[in-house]
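Step one of this worksheet: look at the structure below.
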Amino acid sequence: MKGLGIVSRIELGFFVMFIALLVWTFASYLHIIFPTITPKSVAKSGEKIWEAKLEDSALRLGLVGNIGLTFLFVPVTRGSSVLQVFGLTSEASVKYHIWLGHIVMTLFSAHGICYIVYWAATHQLSEMLKWAKTDISNLAGELSLLSGFVLWIATFPRIRRKMFELFFYTHHFYILFVVFFVFHVGVSYAGIMLPGFYLFMVDRYLRFLQSRSNVRLVSARVLPCETLELNFSKSKGLSYTPTSIMFVNVPSISKLQWHPFTITSSSNLEPEKLSVVIKGEGSWSKKLYQMISSPNSADRLGVSVEGPYGPASTHFLRHDLLVMVSGGSGITPFISIIRELIHTSESQKCKTPEILLISVFKNSQDLTMLDLLLPISGAPSETCKLGLQIEAFVTREKQPTPAEDKKNLRTIWFKPDPSDEPITPVLGQNNWLWLGAIISSSFIIFLISLGVLNRYYIYPVDKNTNEIFSYPTKAVLNMLIICISVVITSSAAFVWNKRHSGTDAKQIQNMEGATPMTSPNSWFYNADREMESLPQQSLFQSTNLHFGERPDLKRIFFERKESSVGVLVCGPKKMRHEVANICSSGLASNLHFESISFSW
């Protein structure tokens, strides 16, 4: 749907109901208050009827906006178990945060504009500078709105895509937005947004703790299509599902920028390694590619991570056939699915769905991304039993690249550092229990501290009149208590789990050695020689190359006669919408569109 993207009927239903709730709430407010505004009632203040109605409308727009603000931060609590309860992932929930953000800022902007027009009409523009001690602080509201407006402008697609750094840095204005919002309405009324924002604060601080450590980067596979596969060491206790994502930070490029990438490894097939694929499409990723691919590249690279985050479970085994459609680097989430199915077919000896991988690339160099289907350490011989068929399309070339023009895939090994650590779960294997303990214990500490503060500090001054003790001071004290409660409990849980995971973590071994010029898994560019292993030979034989054409997706989908066909797509927006439209057309009852999360 235009403006909403690909949505399910349930999502659309909830969206319509939420909009209806906001409209009904606003209309109810006006229905109750407007009849009370009469010439007699406004005569006392010297206002006109339309001015009084404008002021009340402005107030009600702010109240309705607070409903959206209540839920605004919930979708971006990446590690929260709340999302998993509803079968959601942090990446898939970002669109709900975007919808809510647009709604909230539209209502708050209308709230502020209406008040400015009202003050101008009634010659009270001095009200814009009002910072009351025990009342609404208009200046704080304007600063909050200004911070939100700067943040909001940078989120629009044209700005976000062309100037991602601007989007990234301005998004931190949410701190000013929230702080001045609390100053504006007072700490008591700001409690309407406390549940969602409290979960976000706990999640954000835990992510901060995890990101303080350098992780062990073992190796990197450098592809000629400006793509990297980074391979990290991880603890065996860290498990994740296919299509999970991880945020990566390279301090030598930028200490502040964190970028999400889809994990391509399988925690079951590769219990001590975690891999992500990075395509050099932005300034940050291009700098990283240049650093690693350079002949004089460093023998160690400092990296920090957050995550991984992903769905609680996947349901790919329920289908008879999986059709995966990818465009360019959109193949990355499918790599993790294929590797997971390789492990399932080997270990559980159960029937796995047939796989049809339709990959579209711009040029033949991009075909080397197919090399990443196999892990760097090789794959079990069960790969040939997986039932994988690959249809690779190269759209901008009519024929294969001559052999002398081909560039080899390289594998680079990095030296370990004593400060490097394997990636471990931030709260250990019992993540849900620890997270619940942190939230409940920190909130109890907050309530007790708040009671002590009010009884022995605020009450002796204010005597419950709410007319003496400064609202901003009370807001600062409440926000400080919340932060201290979250920091104490989260830090204690993190340190406890870090010590226990440290005793179980394998000592990082020195992997110093010569850097191979080619990867043992490079089977596409070495197709003219004998395959080194059965899995490589099986993958090469199951691949059909098509040059100078695009796949006819509608024909391919409708030709499949299996009773249950799961369809997954990852790539450009136009491709995703085309596949979604085919599956939702109702012309083939066996097609089931599967939503996945991805980042590249």
Side-chain angles (χ1 to χ4, degrees), residues 164-165 211 213-234 245-265 270 272-308 328-329 331-332 335-336 363 365-377 406-417 419-423 508-522 524-525 599-600:
F164 179 81
E165 285 78 9
S211 65
S213 303
N214 284 328
V215 296
R216 169 73 170 105
L217 177 60
V218 178
S219 64
R221 284 204 276 184
V222 182
L223 279 64
C225 56
E226 290 195 8
T227 300
L228 299 170
E229 181 191 55
L230 303 183
N231 300 292
F232 299 92
S233 171
K234 82 171 188 69
I245 67 163
M246 184 172 71
F247 286 76
V248 178
N249 170 261
V250 182
S252 57
I253 298 178
S254 172
K255 293 183 179 180
L256 297 178
Q257 290 190 37
W258 290 82
H259 294 264
F261 298 101
T262 303
I263 296 175
T264 54
S265 55
E270 305 148 274
E272 297 181 357
K273 191 194 76 171
L274 186 150
S275 305
V276 297
V277 170
I278 301 175
K279 176 74 171 176
E281 294 180 335
S283 59
W284 184 90
S285 54
K286 285 182 178 179
K287 288 180 183 178
L288 179 62
Y289 183 83
Q290 292 168 1
M291 287 176 57
I292 294 180
S293 62
S294 170
N296 300 320
S297 61
D299 54 10
R300 180 187 175 274
L301 184 65
V303 182
S304 299
V305 301
E306 287 182 10
S329 55
I331 193 175
T332 52
I335 296 175
S336 63
N363 52 64
Q365 278 193 346
D366 292 337
L367 288 169
T368 52
M369 295 194 72
L370 296 175
D371 291 337
L372 303 180
L373 292 174
L374 291 178
I376 193 171
S377 56
K406 295 177 180 177
K407 298 180 181 180
N408 288 328
L409 180 152
R410 294 187 299 139
T411 301
I412 297 175
W413 300 89
F414 296 99
K415 294 180 180 179
D417 187 90
S419 63
D420 292 341
E421 301 175 358
I423 302 175
I508 301 175
Q509 297 178 349
N510 192 324
M511 300 187 69
E512 182 178 357
T515 301
M517 291 304 297
T518 60
S519 166
N521 293 331
S522 182
F524 172 74
Y525 274 160
S599 294
W600 68 88

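In what follows, every heavy atom counts, from backbone to side chain, and hydrogens, waters and symmetry copies are set aside.
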Checklist entry - Is there a donor-acceptor contact under 3.5 Å from the side chain of Thr368 to the main chain of Gln365? => result yes

Item to check | Closest non-hydrogen atom pair between Ser265 and Lys273, with its separation | outcome: OG-O, 3.8 Å

Checklist outcome for this item: Closest non-hydrogen atoms of Met291 and Leu301, given as atom of the first, atom of the second and distance, are CE-CD1, 3.5 Å

Item to check | Trace of the salt bridge (charged side-chain N to carboxylate O under 4.0 Å, His left out) decision for Asp371 with Arg221 | outcome: CA-CA 10 Å; Asp371 291 337; Arg221 284 204 276 184; over 6 Å; no

Next on the checklist: side chain to side chain contact (heavy atoms under 4.5 Å, CB included) for Ile331 and Leu370? Distances and angles first, verdict last.
Outcome noted: CA-CA 8 Å; Ile331 193 175; Leu370 296 175; 3.6 Å; yes

Next on the checklist: Restricting to non-hydrogen atoms, name the atom on Phe261 and the atom on Val248 that form the minimum distance, rounded to 0.1 Å.
Outcome noted: CD1-CG2, 4.0 Å

Item to check | Gap separating the CD atom of Glu421 from the CZ atom of Arg216, nearest 0.5 angstrom | outcome: 13.0 Å

Checklist entry - Ser293 versus Arg410: any side-chain heavy-atom pair under 4.5 Å? => result yes

Next on the checklist: Which residue in the set Ile245, Leu372, Thr264 passes side-chain contact (heavy atoms from CB on, under 4.5 Å) when paired with Thr332?
Outcome noted: Thr264

Checklist entry - Got Leu274 and Val215 here, is their nearest side-chain heavy-atom distance under 4.5 Å? => result no

Next on the checklist: Quick check against the 3.5 Å criterion: does Asn249 have a side-chain atom that pairs as donor or acceptor with the backbone of Gln257?
Outcome noted: yes

Item to check | Shortest non-hydrogen contact from Pro251 toward Gly302 | outcome: CD-O, 3.3 Å

Checklist entry - Closest heavy-atom contact between Tyr289 and Thr227? => result CE1-N, 3.4 Å

Checklist entry - Under a 4.5 Å cut-off applied to non-hydrogen side-chain atoms, are Val218 and Trp413 in contact? => result yes

Checklist entry - Say you draw a straight line from OG of Ser254 to CG of Leu288; how long is it, rounded to the nearest 0.5 Å? => result 12.0 Å

Checklist entry - Which value, rounded to the nearest 0.5 Å, describes the distance between Ile292 atom CD1 and Leu217 atom CG? => result 6.5 Å

Checklist entry - Between Ser275 and Glu270, is a side-chain hydrogen bond (donor to acceptor under 3.5 Å, both in side chains) present by the stated rule, with each step listed? => result CA-CA 9 Å; Ser275 305; Glu270 305 148 274; 4.5 Å; no

Next on the checklist: His259 vs Ile278, test: side chain to side chain contact (heavy atoms under 4.5 Å, CB included). Steps then yes/no.
Outcome noted: CA-CA 10 Å; His259 294 264; Ile278 301 175; over 6 Å; no

Checklist entry - Is there a donor-acceptor pair closer than 3.5 Å between any side-chain N or O of Lys279 and the backbone N or O of Cys225? => result yes

Item to check | Any donor-acceptor pair under 3.5 Å from Ser304 side chain to Ser213 backbone | outcome: yes

Item to check | From Ile263 atom CD1 to Ser336 atom OG, the distance as rounded to the nearest 0.5 Å | outcome: 8.5 Å

Checklist entry - Which atom pair, heavy atoms only, marks the closest approach of Ile423 to Gly307? => result CG2-O, 4.5 Å

Next on the checklist: Can you confirm whether Glu229 sits close enough to Ile335 that some side-chain heavy atom of one is under 4.5 Å from a side-chain heavy atom of the other?
Outcome noted: no

